Asks: 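Dumping the structure here so I can ask a few things about it.
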Amino acid sequence: MLTSLFLSARAYPSLITNSSLNPNQNPSNAAKSPQFDQFRENRGLSDATIKVPTAPWMKGPLLLRPDEIFDTEKRNKPRKVEEKTFKALNRRESGVRGKKAMKKIVRNVEKLDEGSDSEETQMDDLSEFEYLGRISEKTESKDRFGGKMPWDREEERFILRRMKKERVPTTAELILDEGLLNRLRREASKMRKWVNVRKAGVTETVVNEIRLIWKLKELAMVRFDVPLCRNMERAQEIIEMKTGGLVVLSKKEFLVVYRGGPSYSSEETRSGQDEISSSSLYEREADRLLDGLGPRYMDWWMRRPFPVDADLLPEVVNGYRTPSRRCPPNTRAKLSDEELTYLRNIAQALPFHFVLGRNHGLQGLASAIVKLWEKCIIAKIAIKWGALNTNNEEMADELKHLTGGVLILRNKYLIILYRGKDFLSDEVADLVDDRERLLRGYQHFEENKRESDIEILEVVTNGKQLKETSKSGTLLEFQELQRKFGEKETRNLETEAEKARLEKELKSQEHKLSILKSKIEKSTMELFKLNTLWKPSERDDDIEIFTNEERECLRRIGLKMSSSLVLGRRGVFVGIMEGLHQHWKHREVAKVITMQKIFSRVVYTAKSLEAESNGVLISIEKLKEGHAILIYRGKNYKRPSSKLMAQNLLTKRKALQRSVAMQRLGSLKFFAYQRERAIEDLKVSLVNLQDSASELS
C-alpha cells in the first residue's frame, strides 16, 4: 500500500513543497498542528491536504489531497471476491466424490468462458488475470489427451428426473365443505388425547373406543404403531373403512377421524374411495394371480395388492396329498448357491401372496400354495404382526412337509418357498401317469406276443426247444432273476447294511483318535518346555510362630480390607509377586482372591505363594467372589529386589502360554477319552450284530 502512495506522490511533486502551507505558519509549526497528528479525511473540504504515513528514508512529510488517496477497503473487496470464487472452484466438497466435483468445476469454467466472450466483460489489460488463461487453454489439453478431456463422454447423457407425485384429494376434501373442513382441522390440531393402535392393527376394540369417543365429541385422534405407521395412506383407508368416518387431519403417525354429519353415510366414503384409487398394471396382474386362492386380508399394512388371509383357509382339506415330483433328465433337484441367490433377488420384488398367523393346521394354505405354483414359481408368505405365539420355524417345517417345496428364506417377518425343479402340476402329473400306464400296457402286449411266438415255434419243431433261443431283455429273465436273488430276506439285507455302517463308523472314530493322540503328544512337549523354565521355591523351615490370638487378629484385619490382589488364569508368576510385595509396602496383610473351584488347587496355590514370597499363610476363607488367601509379610520383612523375584518364576507371557497349553491338553485328553468310549461301544455293537446274524443263519 505504501508503494502505491509513493508512486502517486512522485506523480505530483508540487504537493510536497511549502506552497500548500498557510503563509502565516512555518513548516515546523505546521508539522506540530493537531490536524496532521493522525491519518484522517475531511470530507467537507476537498482542497485540504492530508498527511499520510511515510517511509523511514523520507525526510519531509507527505501531503496529499483526499481524491488522490486510494481507498484500501474498496480495493480489497474484489480481491476477496476473487479469492472466494477461486476457492469455490478448487475446494474439496464434503460428501461428493471426485467425479462429481470435476463436473462442477468444468461447468463453472464453461460459464466463465461464456462470460468472458461478452462485450461488457472485455478488458484492455488482461495482465491481472493471467491465472484465468490457464483454464481457457482447451486446445493444448485436447492435443495432450487425444482430442478430448478424460471426463468427457462420447454420447450425451440424458438425466430423467423423477416426476413429483400428484397430490390426490382425500375423501374428506371431496365430501365436506371447505369451511367445515378448516374448522375441524383447527380443532384437531389442539387435541392431545388419542387412541393407540397396536401391532395387531385396527381391531374391534379400537373401533369400539373410537365410537365411544364419538358419542361425546365429533373428532377422535388415533395413534398408529408399527407396521401401519410406515404406510399412513393405507392406515387412513383402513380406519375409514372400519369406522365409517372421515380423516380430516394427518400428521406423522396420528390421524384425526371425523364421525360425519347426519346426512353422511359410509357408502359415500366407499364410492369416494373408488373414485380416488386407481389401480396400476402391477396391482391388476397381482390381483389376477391371487384370484381364487382365498379371501383377502383387508388389514394389510403395505401397498396393494391385498394378500390372501391364510388364517381363514381350512385347517384340513379332504383328499389332499403332497404333489408328485419328478426331476427332468440330466438335472439335479438340489439348488446351487448362485441359483439360491438369484431366486432370493427375484423374490424381493414380488408382492406378498399370503399372510399367516398360526403355526399348525396349514393344509388349506398348502393347497393354495400348490395352486399358486402353477402360475408363479415362488410363494411369499408374510407373518402377521401382533399375532400371539407365532413360531416361523414350525410354520416353515409344516409347509415344507405338506408341499415338498424348497425353503429359500425364513425369519420372523416372512417365509419364502420355491416350488423346486422337480415340481409337477396336476395336469402334467396326470399326463405322466397316463404315459407310464400306456408304456406298461405296451410292455405286457410285447411279452404276450413273444410267448405266443415261442409256443408256435415249439409246435413247428415238434416240441424241441432251440438252443439258440435267448432270454435277454424278456420278462422271463426278470422273473428268474427275481426268484434267484429275491430269496434273501429283508432282515438279512438290513443286517448287512447295519454291519457296513458300524464298520465305517469304527474306522472313522479310530482315525480321529489317532489324530487326537498326536496332538496330545505335541501339547505335552510344549507344556514340558514351559515347565522347565519354572523352578518353584521350597518352603523355608524357619517359620515364624504365631499364637491363636495373633492369627485371629490378622485374619480379621485381612477380611476387613477392601483392597485385594486377584489371581487369574496365569497362576503364580512374576507379576503376582510384584503386586504382593507392593501390597506389603503399605500393609502387613495381603488378601489374594482366586477363582479356583477345587479346594485342593486353592491350597496348593496358597502354599506356592507362601513359599515364593517368604511370608506366612494366615488362613484360606470362602467368599462370594471365590477363595481369599490371607498372607502376612512377617515381622522382619524386607522388600527384595526385582531381579531376585524374577529368577525362578515365569514372565507374564510365558505364564499365559503355560495356562493355555494346560487347558488345551486337558481338552484333548477329554475328547480322546470320549473317542475311546465310542470305539468300545461300536465294537460291542458289532459283535452283538454278528452273533444275531449267525443265530438267524
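Just so you know, these numbers use all the heavy atoms, side chains as well, and skip hydrogens, waters and symmetry mates. Because the structure is a prediction, the values reported are computed rather than measured.
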Asks: Is any NZ, NE, NH1 or NH2 atom of the basic residue among Asp309 and Lys384 found under 4.0 Å from an Asp or Glu carboxylate oxygen of the other?
Replies: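 The answer is yes: the pair qualifies as a salt bridge.
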
Asks: Count the heavy atoms of every other residue, nucleotide or ligand shown that sit under 6.0 Å from OH of Tyr413, and state whether that count exceeds 12.
Replies: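 No - once you tally the heavy atoms of other residues, nucleotides and ligands closer than 6.0 Å, there are 12 at most.
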
Asks: Can you tell me how far the CZ atom of Phe306 sits from the CD atom of Glu283, to the nearest 0.5 Å?
Replies: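 Going from the CZ atom of Phe306 to the CD atom of Glu283 covers 8.5 Å.
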
Asks: Got a sec: does the CZ of Arg677 have more than 12 other heavy atoms crowding it under 6.0 Å?
Replies: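 Check fails, neighbour count at 12 or below.
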
Asks: So Ile408 and Leu340, side-chain contact (heavy atoms from CB on, under 4.5 Å) or not? Walk me through it.
Replies: CA-CA 7 Å; Ile408 293 178; Leu340 185 62; 4.0 Å; yes

Asks: Stepwise, does the side-chain contact (heavy atoms from CB on, under 4.5 Å) test hold for Val195 with Val206?
Replies: CA-CA 7 Å; Val195 178; Val206 175; 4.2 Å; yes

Asks: Measuring from Gln596:CD to Ile598:CD1, what's the distance to the nearest 0.5 Å?
Replies: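 If we round to the nearest 0.5 Å, Gln596:CD and Ile598:CD1 are 8.5 Å apart.
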
Asks: Working to the nearest 0.5 angstrom, can you tell me the gap between Asn208 CG and Thr243 OG1?
Replies: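 Those atoms lie 11.5 Å apart.
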
Asks: Give a yes or no on whether the backbone of Asp311 and the side-chain of Arg358 come within a donor-acceptor separation of less than 3.5 Å.
Replies: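 Yes; judged by distance alone, with no hydrogens or angles, the pair exists.
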
Asks: Under a 4.5 Å cut-off applied to non-hydrogen side-chain atoms, are Tyr297 and Val308 in contact?
Replies: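 No. Closest side-chain heavy atoms not under 4.5 Å.
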
Asks: Give, for atom CD1 of Ile175 and atom CG of Leu180, the distance between the pair rounded to the nearest 0.5 Å.
Replies: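 Nearest 0.5 Å value for the CD1-CG distance: 11.5 Å.
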
Asks: Does atom CD (Glu436) have a neighbourhood of more than 12 heavy atoms from anything else shown, all under 6.0 Å?
Replies: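 Enclosed.
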
Asks: Does the side chain of Leu417 reach to within under 4.5 Å of the side chain of Val406, using non-hydrogen atoms?
Replies: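 Leu417 vs Val406: side chains apart.
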
Asks: Would you say that Arg344 contacts Ile346 through its side chain, given a criterion of any heavy-atom pair below 4.5 Å between the two side chains?
Replies: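 Arg344 does not reach Ile346 side chain to side chain.
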
Asks: Do NZ/NE/NH1/NH2 and the carboxylate oxygens of Arg183 and Glu218 come within less than 4.0 Å?
Replies: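 Looking at Glu218 together with Arg183, the answer is yes, because their closest N to O distance falls below 4.0 Å.
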
Asks: More than 12 heavy atoms of other residues, nucleotides or ligands under 6.0 Å from NZ of Lys421: yes or no?
Replies: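 Buried by this count: over 12 neighbours within 6.0 Å.
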
Asks: Between Glu505 and Arg501, is there a salt bridge with N-O shorter than 4.0 Å?
Replies: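 Answer for the salt bridge query: no.
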
Asks: Would you name the heavy atoms of Val248 and Ala172 that are closest together and state the gap between them?
Replies: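 The answer is CG1-CB, 4.3 Å.
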
Asks: Would you check if there is a donor-acceptor pair between the side chains of Ser659 and Arg569 at a distance under 3.5 Å?
Replies: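 Their side chains do contain a donor-acceptor pair, which is all the 3.5 Å distance test asks for.
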
Asks: Under 3.5 Å, is there a donor-acceptor pair between the side chain of Ser685 and the main chain of Asp681?
Replies: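 Side chain of Ser685 to backbone of Asp681: a pair is present.
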
Asks: Quick one: pull up OH in Tyr258 and CH2 in Trp214 and give me the separation to the nearest 0.5 Å.
Replies: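 Rounded to the nearest 0.5 Å, the OH-CH2 separation comes out at 10.5 Å.
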
Asks: Salt bridge or not for Asp397 and Arg410, using N-O below 4.0 Å?
Replies: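 No, this pair does not count.
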
Asks: With Asp422 as reference, evaluate Arg326, Arg325, Arg332 under the side-chain hydrogen bond (donor to acceptor under 3.5 Å, both in side chains) test and give the passing residue.
Replies: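 For Asp422, the side-chain hydrogen bond (donor to acceptor under 3.5 Å, both in side chains) check succeeds only for Arg325.
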
Asks: Restricting to non-hydrogen atoms, name the atom on Leu623 and the atom on Ala628 that form the minimum distance, rounded to 0.1 Å.
Replies: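 Closest pair (atom of Leu623, atom of Ala628, distance): CD1-CB, 3.4 Å.
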
Asks: Over all heavy atoms of both residues, which pair between Leu289 and Leu372 is shortest? Give the atoms and the distance, please.
Replies: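 So the minimum-distance heavy-atom pair works out to CG-CD1, 3.8 Å.
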
Asks: What do you reckon, are the aromatic ring centroids of Trp373 and Tyr418 less than 6.0 Å apart?
Replies: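 No: the rings miss the under 6.0 Å criterion.
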
Asks: Should we count CG of Asp291 as having more than 12 external heavy atoms under 6.0 Å?
Replies: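 It does: Asp291 CG has more than 12 such atoms within range.
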
Asks: What closest approach, in Å, do Ala220 and Ile210 show between heavy atoms, and which atom pair accounts for it?
Replies: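 So the two residues come closest at CB-CG2, 4.1 Å.
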
Asks: Any chance OH of Tyr282 has more than 12 other-residue heavy atoms, nucleotides or ligands included, within less than 6.0 Å?
Replies: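 Yes, because the 6.0 Å sphere around OH of Tyr282 holds more than 12 heavy atoms from other groups.
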
Asks: Under 4.0 Å between a Lys/Arg side-chain N and an Asp/Glu carboxylate O for Arg167 and Glu173?
Replies: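 Looking at Arg167 and Glu173, the cut-off is met.
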
Asks: Search all heavy atoms of Pro307 against all heavy atoms of Leu290 and return the closest pair with its distance.
Replies: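 Reported closest heavy-atom pair: CA-CD1, 4.2 Å.
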
Asks: Is it true that Glu110 and Arg107 make a salt bridge, defined as a side-chain N closer than 4.0 Å to a carboxylate O?
Replies: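 Not counted as a salt bridge, because no side-chain N and carboxylate O are separated by less than 4.0 Å.
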
Asks: Considering only NZ, NE, NH1 and NH2 on the basic side and carboxylate oxygens on the acidic side, decide whether Lys242 and Asp299 come within less than 4.0 Å.
Replies: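 Salt bridge present between Lys242 and Asp299.
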
Asks: Nearest 0.5 Å, please: how far is SG in Cys229 from CZ in Arg234?
Replies: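 It comes to 15.0 Å.
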
Asks: Ignoring hydrogens and geometry beyond distance, is a side-chain donor-acceptor pair present between Glu394 and His360 at under 3.5 Å?
Replies: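 There is such a pair between these side chains.
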
Asks: Regarding Arg304 and Asp287, does a basic nitrogen lie under 4.0 Å from an acidic carboxylate oxygen?
Replies: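 Answer for the salt bridge query: no.
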
Asks: Flag the pair Ile416 / Leu343 as yes when at least one side-chain heavy-atom distance between them is below 4.5 Å, and no otherwise.
Replies: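 Ile416 does not reach Leu343 side chain to side chain.
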
Asks: Would you say Lys622 has more than 12 foreign heavy atoms packed within less than 6.0 Å of its NZ?
Replies: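 Atom NZ in Lys622 is packed in, count exceeds 12.
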
